[in-house]
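Read through the structure below, which is laid out as structure tokens, and then see the notes.
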2 protein chains.
Amino acid sequence: MAEKFPESTKNECLARMLTVRDALDVISGKWKILIIISIMSGNKRFREIERSIPKISSKVLAKELKDLEEHQLIKRRVYDESPVLVEYTATDYVFTLEKVIEELHNWGANHRKKILEK
Amino acid sequence: MAEKFPESTKNECLARMLTVRDALDVISGKWKILIIISIMSGNKRFREIERSIPKISSKVLAKELKDLEEHQLIKRRVYDESPVLVEYTATDYVFTLEKVIEELHNWGANHRKKILEK
DNA sequence: GCAACTGCTTACATTTAGGTAACTGCTTAC
DNA sequence: GTAAGCAGTTACCTAAATGTAAGCAGTTGC
């Protein structure tokens with residue numbers, strides 16, 4: 001099989017890696033993309049998000065939500081009614097990840113098909 | 001912000017998650033995509049790949065290469081010359097990941113720009 | 001007045017990934 | 001003959017991620 005980037009110098013290869021790593025640093029991990037999908041799908045409340053993702057624990061969810069908020073991928077709003085109501089929503093910025101998620105979804109579907117065919 | 005998948009039922013949301021997870025199970029981790037990029041860029045020999053990826057160790061590289069081979073993303077060939085020569089190359093299948101990698105790269109570049117702007 | 005829901009936090013344990021360094025058997029170059 | 005390269009393996013260790021379980025302060029419903 002021919003190489004994909006035949007023209008690439010070592011530095012170009014390295015630059016490509018570092019850039020991809022920048023992305024992975026933010027969105028990799030077992031849960032982040034799943035949480036983003038859940039919120040993009042309209043789940044807003046903590047327990048709602050928690051129930052939508054199989055096997056996630058409150059602890060992990062709380063931590064990941066903080067991470068995502070720090071990276072401005074989601075917004076946390078507290079409405080001081082009683083009882084206190086908390087809502088997580090998608091930011092504009094998280095929509096820049098749409099294509100990444102779409103491609104991951106396409107590839108996942110394709111890969112599953114491949115596995116089952118064997 | 002409006003939700004991205006407003007029409008989606010709980011089951012659709014779940015299906016989307018599971019499919020994306022299938023993809024992540026194969027390609028997530030600190031090193032896999034970087035190794036794929038290295039091999040796609042034309043690096044073939046173990047030491048060559050090792051040198052192309054900053055801070056990776058032989059142990060981790062060996063393990064990840066086995067994983068990638070199992071998933072048929074790369075091909076390992078042993079030429080029984082003396083000394084033994086081993087070559088890792090990209091399979092056709094790994095090219096189905098091209099778009100995923102491209103989108104990760106785009107997003108990483110964009111994200112870096114965003115961070116620096118602040 | 002008791003169970004159940006909310007949005008979490010805490011303590012503790014285990015699992016997994018990853019790092020470090022040494023070492024192997026073989027070969028070539030000086 | 002000795003250093004250095006090749007393609008790894010092995011043993012040991014640390015750190016990070018994740019799991020488990022319980023609890024809390026407040027509210028609602030029966």
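Each chain gets a letter, A, B and so on, in the order its sequence line appears, and its residues count up from 1.
Other cluster members for B:Leu116: none, since no ILVMFWY side-chain heavy atom sits under 4.5 Å from it.
As a whole-Å value, the separation of A:Lys44 NZ from C:dC8 C1' is 20 Å. Straight-line distance from the CG atom of B:Leu24 to the P atom of D:dA17: 16 Å, rounded to whole Å. Rounded to an integer number of Å, the gap from CD1 of B:Ile56 to C1' of D:dA7 is 14 Å. Taking atom CZ on B:Arg76 and atom C1' on D:dC6, their separation rounds to 12 Å, with Å as the unit. Atoms CG (A:Leu65) and C1' (C:dT9) sit 14 Å apart, rounded to a whole Å. B:Leu61 has its CG atom 15 Å from the P atom of C:dT20, to the nearest Å. As rounded to whole Å, 17 Å separates atom P of D:dG5 from atom CG of B:Leu85. As a whole-Å value, the separation of B:Ile35 CD1 from C:dG18 C1' is 13 Å.
In terms of position along DNA chain C, the nucleotide closest to A:Glu87 lies nearer the 5' end than the nucleotide closest to the other residue of the pair B:Arg47 and A:Glu87. Remark on DNA chain D: of its neighbouring residues B:Pro83 and B:Tyr88, the 5'-side contact belongs to B:Pro83, judged by nearest-heavy-atom nucleotide. Nearest-nucleotide positions on DNA chain C for A:Val84 and A:Lys59 put A:Val84 closer to the 5' end. Residue whose closest nucleotide on DNA chain D sits further toward the 5' end, between A:Trp31 and B:Arg45: B:Arg45.
Between the side chain of A:Lys30 and the base of D:dT18, no donor-acceptor pair under 3.5 Å is found.
Summarising the geometry of A:Ile49 relative to A:Ile39, their closest heavy-atom pair is CD1-CG1, 3.8 Å, with the distance given to 0.1 Å. A:Val100 and B:Glu103 make their closest contact through CG2-O, 3.5 Å (heavy atoms, listed as atom of the first residue, atom of the second, distance).
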Listing, residues 25-34 of chain A side-chain donor-acceptor contacts under 3.5 Å, not counting sequence neighbours, or none:
from    : atom 1 : to      : atom 2 : distance (Å)
A:Ser28 : OG     : A:Leu24 : O      : 2.8
A:Lys32 : NZ     : A:Glu64 : OE1    : 3.1
A:Lys32 : NZ     : A:Asp67 : OD2    : 3.4

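For B:Glu64, the listed nucleotide lying nearest its side chain is C:dG18; candidates were D:dT18, D:dG8, C:dG18. For B:Val60, the listed nucleotide lying nearest its side chain is C:dG19; candidates were C:dG19, C:dT9, D:dG19. Among C:dT6, C:dC8, C:dT9, the nucleotide with an atom closest to any side-chain atom of A:Arg51 is C:dT6. The side chain of B:Val86 approaches D:dA7 more closely than any other nucleotide in the set D:dT18, D:dT9, D:dA7.
For A:Lys114 and B:Tyr93, the positive end sits near the middle of the six-membered ring, less than 6.0 Å away and at most 45° from its axis.
A salt bridge links A:Arg47 to A:Glu50: at least one charged side-chain nitrogen sits closer than 4.0 Å to a carboxylate oxygen.
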Given side-chain contact (heavy atoms from CB on, under 4.5 Å), test A:Glu87 with A:Tyr79 step by step and report yes or no. CA-CA 8 Å; A:Glu87 263 190 18; A:Tyr79 297 96; 3.8 Å; yes
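When base pairs are accepted only as Watson-Crick or G-U wobble with both N-N or N-O distances under 3.5 Å, DNA chain C takes part in stems of 3 or more pairs at C:1-30 with D:1-30.
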